[in-house]
Every structure is written in structure tokens, then in C-alpha cells.
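Contents: one structure, followed by commentary.
Letters A, B, ... are given to chains in the order of the sequence lines, protein chains preceding strands, and every chain is numbered from 1. As the structure is a prediction and not an experimental result, all values here were calculated from the model.
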Protein chains: 2
Amino acid sequence: MTSPKRTERVTLKDVARVAGVSDISVSRVMRRAPNISDGLRDKVIQAANDLGYTPNRLAGALKTANSNLVAVVVPSMSNEVFPEVLDGIDSVLSANGLSAVLGISKYDPDREVEAVRELLAWSPMGLILTGLNASAAVTRMVEAQGIPVVQIMDTDGTAIQSAVGISHSAAGAAAADFLLDRGYGAPGYVGAWGERPARSRIRREAFAARLAERGAPLQGYKILPGQSSAPLGAEALASLLSEHPGLDSVFFANDDLAVGALFHCMANGIRVPQDLALLGFNGIAIGSATPTKLTSISTQRFRMGVEAAKLLIDNDPDSPKTVDLGFSFTDGASV
Amino acid sequence: MTSPKRTERVTLKDVARVAGVSDISVSRVMRRAPNISDGLRDKVIQAANDLGYTPNRLAGALKTANSNLVAVVVPSMSNEVFPEVLDGIDSVLSANGLSAVLGISKYDPDREVEAVRELLAWSPMGLILTGLNASAAVTRMVEAQGIPVVQIMDTDGTAIQSAVGISHSAAGAAAADFLLDRGYGAPGYVGAWGERPARSRIRREAFAARLAERGAPLQGYKILPGQSSAPLGAEALASLLSEHPGLDSVFFANDDLAVGALFHCMANGIRVPQDLALLGFNGIAIGSATPTKLTSISTQRFRMGVEAAKLLIDNDPDSPKTVDLGFSFTDGASV
DNA sequence: CTGAAAGCGCTAACAC
DNA sequence: GTGTTAGCGCTTTCAG
């Protein structure tokens, strides 16, 4: 029995030899370059198929100094926000023959810098970053590389180039208006993760500012250090209520927390919204299945990914764009 | 004002010139090759920092014919399973200076083939695939490339090389035993996505087979075409119960469906588990926050990613491994 | 310990 | 339309 010897890579040269044409002709056919005769194309395709040739992108990218890769750095995979954004990004990239190289920063600026450095080494054709607060090191690196950059999630702040997201300060203010307009006068707030994403802090501050402005200041808030989850939401609400029993409504940093809080209310005889109104953020699917549907501020995460990828592909270096995707209040019964 | 001219890439040659050493010495320092004098290293590091040099991985990988990339193909991002696996993968990769290039197949074998072809063009050092049912085209391509492959999720079946996952047939049988041992005699089943992941079908079939074996055959099941979600779980349960009112228990393809079903019960006065027992699959966080905690079969998704990445890195081509991570029943109050 | 030469696989730029 | 030449930026020989 012959040992399964590791096959040598089939190169463009091999195809050229078999097809009886020059290297560059093979290259042109593979890249669908213009001005190729049908005869030549057929010979090349035939030979390539016979040999099982697959182009080596490494070589092509080295030569042209630009790859079909897009570097994507997100902070986390632990709630459905970023996976959905990634899904949106990939849907556009794959339709355009591009692939995503992924970096996960864990909300750590140093890790973000490392991830960007690592990913830029592949000469990606573009970079998608999360948030507008990129460190100086990141900004310097991408400028040196001279590639398009799109920052997702936020629009409050200054983008390196383009951005797709929402205004979290607008969302925070809108949450305040929403609750006050419905007659709630003693609102609280619950967050998590120690507010590591700056945008959640911005949202809370805008929420508090608008409440104060309208004469119904934030009664109390609880930011737990742990990662957002339903159990943590229940815990945070219990803790918040013990310190501030007079609250009539609570705005949450996200729906995971809000759903957990809703469960806490159900388990403890707190009627929602009569005794306590709950307002979520993100509008994820589960909120519409709970016995009391969660009222929430919906964001478009898949679409955010789609728009970010499009912006990268259609990039016009001279006119960076900021796309505000906005948000909307979902129907629910928890407010 | 000078126009912000796109800076030329700083190459290793530039560093060598500034440091007054040869190209190869810079290369050696950057790669931390052995046998470098401190003096030389210092000069090189100094020059590299001054110039803001970052290595071009494209060139290095082209030369060595192996990159620091790992190709990862998953079917979906729309539930928390694969994001958690990816998180686990990335945690190991980033600790080893590797990056993931991502492909999303949407459970479509053709897309999977395309994604693999696309990703292999980058000469990744390894490939992580989802499921054991890779198409012949995929198998051929990875064998031609001669790189390590790890398949995740399943262990029932034949791996190309190595695999990390669980036995879904064992899980299905265990679910049957679990319900029967607790005295339920009229079980049903709910799935979704038209059972596109083959492993969910395997689980259901093993569930039904064990039930039949023990004389309490599956009373009825409902596989909805839509993507799994809590709302769909509620809908599926309602539909299943209308066709099979006598059920005393239901096993779900995943916790998203089960949680939705739980909500349906709460909203419709169906007492869980007295009137109907619910058994989930995956053991996601939200199930432990619901007023009635969900009883579920827990899997280790992050760890699956970790083990897969480790297997790839420590690959021994001569002894492929299959790692069964097993599953466990979580405490809950829904059975 | 350091350097010189050669070439990875592909593609711009220029011939013809 | 097709081919020739040269070289992308790095690293593997092989010298010294």
C-alpha cells in the first residue's frame, strides 16, 4: 500500500504547462480578466479542473498588495448582538467574494490593538471596528495602512472614517421620554459588565440627563460587574428594588437583563407594568415570546453589519459617511 | 496643506537599512529565531519601532506555505451555540498568535464547499468544520491541502480526521430514559429549521427509538420549518398539543424552543411539569432564570471550541482523535 | 552568530 | 489576444 504522500501544491505554472499556454494566461482566465479568447479559456479551465487547481491567494495578494480579506474586530460573542452583526457582515462579504478575519477584543483596548495589528498583517482590503473610541495606536495603524475603516454600533462621537450605528444618547433620551410620557415618575436603571461598552454608559447618562431635565430625576441605578444575562438581570433588579423600593419603572441596558428582571417580577408577585414597568434595549426575539411581552428599544443588528460591509466595499475615501440606522420602540406589555 | 499621501508600506528591507544589518537578520529578530545577539536584536527592534514596521504576513506565509490563519466554517450565527464555540476557538487561537478566517454556510452544503474553497486559498494552518457530514468535495480539498481538520458538534459518524463533540444519539436516548424514569409515558417532540442540522434529526430518532424500545412510543412530534426561536417554540407546542392533547411531556431540539414553550404554558394555564413536562437541549443561561427553571441537557460549547482549536494546534497527523465532551442534565423544575 | 542568494506563486507592465 | 520580464516581502538554504 502506497503511503498517502502529501501532494505538492498545484500551481498556476502546472496548469499553464498542461494547457500549453503561458502562466499569465492562466492568471487572466482565473481572474476573469477581459480580452480572453474562448479557445484559450476552455483549454485553461480544462487543465485547471483536471489538476484540481486552486489559486493561492497569498501570492496574488502579496503581488497586488490587497487581499480579499476584511478584518473584523468585535468585543464579544456572548450575547446575540455581535453574532447578528457578523452574520450581516458575512452575508455581504461572501456575496462579493470576500472573507472575514475575526478578532475578539473582550472589551479590552490592549487586546483590540493586538487584534488590529495581527489582522492588518494580512493586508485586508478593509477593517470593521466596534465603537468609536478606538485607541490612538489603532488609528495610527489603519492610517498607515491606508485602508477603509468602518466603525459600527455608535454614531455619537468621531469616526476614523465611516460609521454605522445609532445614537445611544438619543436612545437614552428617548427612553426617558417614553417612560415619562406614559406617566412613570420614578425611574431606575440596570446595567451590567461594569458598563465596559462606553455606549451603554452614554445611554444611561442621556437617560438620566433627560429625566432630570424633565423634573423626574433618576431614582437609582445598579450596574453589576458580571456579564449581561437573564439571571444577572433578575439579581440586579432585586438588588435595585431593595435599595429603591419606590421605583415605578426601570430601563435596562439590554433585553437579556430585562427578561431576567421580568422573570424576577413574575416569581415575586410584582405585576408588570402595574407595579413596575420594564423597558429593554435591543429588541431580541425572546422578548416577544414572554408571557408579558417585553417593551424594548429595537435596533437593527443584521442590517448594521450589512451596511458596514457595503460601506467598506463601496468606499469613497474622500467622503466618509456616517449612517444612523435609528431605533424604534417595540410593542410590548411591560410598560 | 500637503495632501495625506498614502504612505508606502514599511518593509523589512527598510528596517534593515536603518538598522544597518541584513534583511535576514531583521527577519530572524521579528520571528524570535534563536541565536541572535542582544546587540543585533536591540538595533533591529529600535529601527522597527522608529519606522512603525509591521511584518507582512502575506509574504511570510507565501514563502513558508503555511499561515497563521485557521479557517472556521459554521452553519449559522443565529443562536448562541456557534458564537460560543467561536469564542472558545478564538480564545485558544489568539493565545497562540493565530487568527480565524470565518465562513458561514447557512446549513447549505454548496455554500460550505464554496466557503472551504475560498478559505483554503489562504493556506490556513488548519480547518474547523461543523458536523461530520462533510461533502466529498470538501474532503477532497482538505486532503489535497494536507492540513489538519477538526470537525465539531458530532461524534456519531466518521470524521475526516479529528472530531470534538457529543453523541447526539446518546443524548436522544438519554432524554427518553430521563422522561420515562420520571414516570412520563406519553412524550412528544418539537424541532425547527426543518431539522437542517442532521444531528438534531439523529437526536430525535434516537429519542423515538429508545421510547419505542421501552414500550412508550413517541406520541407525536412537530418540526417547524422556521429558524429556532422562543416564539416558534410557543407556536410549535400549541400546534403539537392541538394534535396530540394527551401528551404529558415534550423534548425540544433546543432551549430556545423550550423556553418559548414554557411561556406558552404559563400564558395558557398549563402547569409545568404537572400537566406537561418540558425538557430542553443545550442548557443556555436563560433557562435558569425562568420562573420555572428549565430542565435541559447541557452541552459545553465554549469548551468544544477550545478543544477543537487545541486539537488543531497539537495535531498529530498519524493519530486523529475523537473527543466526546458528553452532556449532563441540568437541574430544573420543568420535568 | 550573521549574511548572500534564490525563490515561494502570482500579477502589473510592457512587448508583440 | 497572448507572452516575457520582473518583482511583491519574506524566509529557506548554504556560506562564512
Donor-acceptor pairs under 3.5 Å, side chain of residues 70-77 of chain B to any protein atom, not counting sequence neighbours: which ones?
residue	atom	partner	partner atom	Å
Ser76(B)	OG	Ser78(B)	N	2.9
Ser76(B)	OG	Ser78(B)	OG	2.9

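- In this entry the distance linking NZ of Lys13(B) with C1' of dA5(C) reads 11 Å, nearest Å.
- A sub-4.0 Å separation between OP1 or OP2 of dA12(C) and a side-chain N or O of Thr64(A) is absent.
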Pair up each side-chain donor or acceptor in residues 311-323 of chain B with any protein partner under 3.5 Å, not counting sequence neighbours, and list the distances.
residue	atom	partner	partner atom	Å
Asp316(B)	OD1	Asp318(B)	N	2.9
Asp316(B)	OD2	Ser319(B)	OG	3.0

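- Annotation: side-chain contact (heavy atoms from CB on, under 4.5 Å) contacts of Gln46(A) (sequence neighbours excluded): Asp50(A).
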Under 3.5 Å, N/O pairs linking protein and nucleotides 14-16 of chain C:
none

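- Reading DNA chain D from its 5' end, the first and the last nucleotide to sit under 4.0 Å from a heavy atom of chain B are dG9(D) to dT12(D).
- Atom pair Arg31(A):CZ and dC10(C):C1' shows a separation of 9 Å (rounding to whole Å applied).
- Along DNA chain D, the nucleotide closest to Val21(A) and the one closest to Leu12(B) are compared, and the more 5′ of them pairs with Val21(A).
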Validation: residues 300-308 of chain B side-chain donor-acceptor distances under 3.5 Å, sequence neighbours left out:
residue	atom	partner	partner atom	Å
Gln300(B)	OE1	Arg303(B)	NH1	3.1
Gln300(B)	NE2	Leu325(B)	O	3.2
Arg301(B)	NE	Glu84(B)	OE1	2.7
Arg301(B)	NH1	Asn282(B)	O	2.6
Arg301(B)	NH1	Thr299(B)	O	3.2
Arg301(B)	NH1	Thr299(B)	OG1	3.1
Arg301(B)	NH2	Glu84(B)	OE1	3.1

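- Taking every heavy atom of residues 46-60 of chain A and every atom of DNA chain D, no pair lies under 4.0 Å.
- Take Lys106(B) and apply the salt bridge (Lys or Arg N to Asp or Glu O under 4.0 Å) test, not counting sequence neighbours, and it matches Asp87(A).
- Atom pair Asn66(B):CG and dC8(C):C1' shows a separation of 13 Å (rounding to whole Å applied).
- Applying the side-chain contact (heavy atoms from CB on, under 4.5 Å) rule to Thr139(A) yields the partners Ala134(A), Glu143(A), Ile160(A); only residues at least two apart in sequence or on another chain are considered.
- Across all their heavy atoms, Leu132(A) and Ala163(A) have their closest contact at CD2-CB, 4.1 Å.
- For Arg31(B), the salt bridge (Lys or Arg N to Asp or Glu O under 4.0 Å) test picks out no residue, with sequence neighbours left out.
- Along DNA chain C, the nucleotide closest to Asn35(B) and the one closest to Asp23(A) are compared, and the more 5′ of them pairs with Asn35(B).
- With sequence neighbours excluded, no residue forms a salt bridge (Lys or Arg N to Asp or Glu O under 4.0 Å) with Asp156(B).
- Taking the C1' atoms of five terminal pairs at each end of the helix from dC1(C)-dG16(D) to dC16(C)-dG1(D), the two resulting helix axes are inclined by 30°, rounded to 10°.
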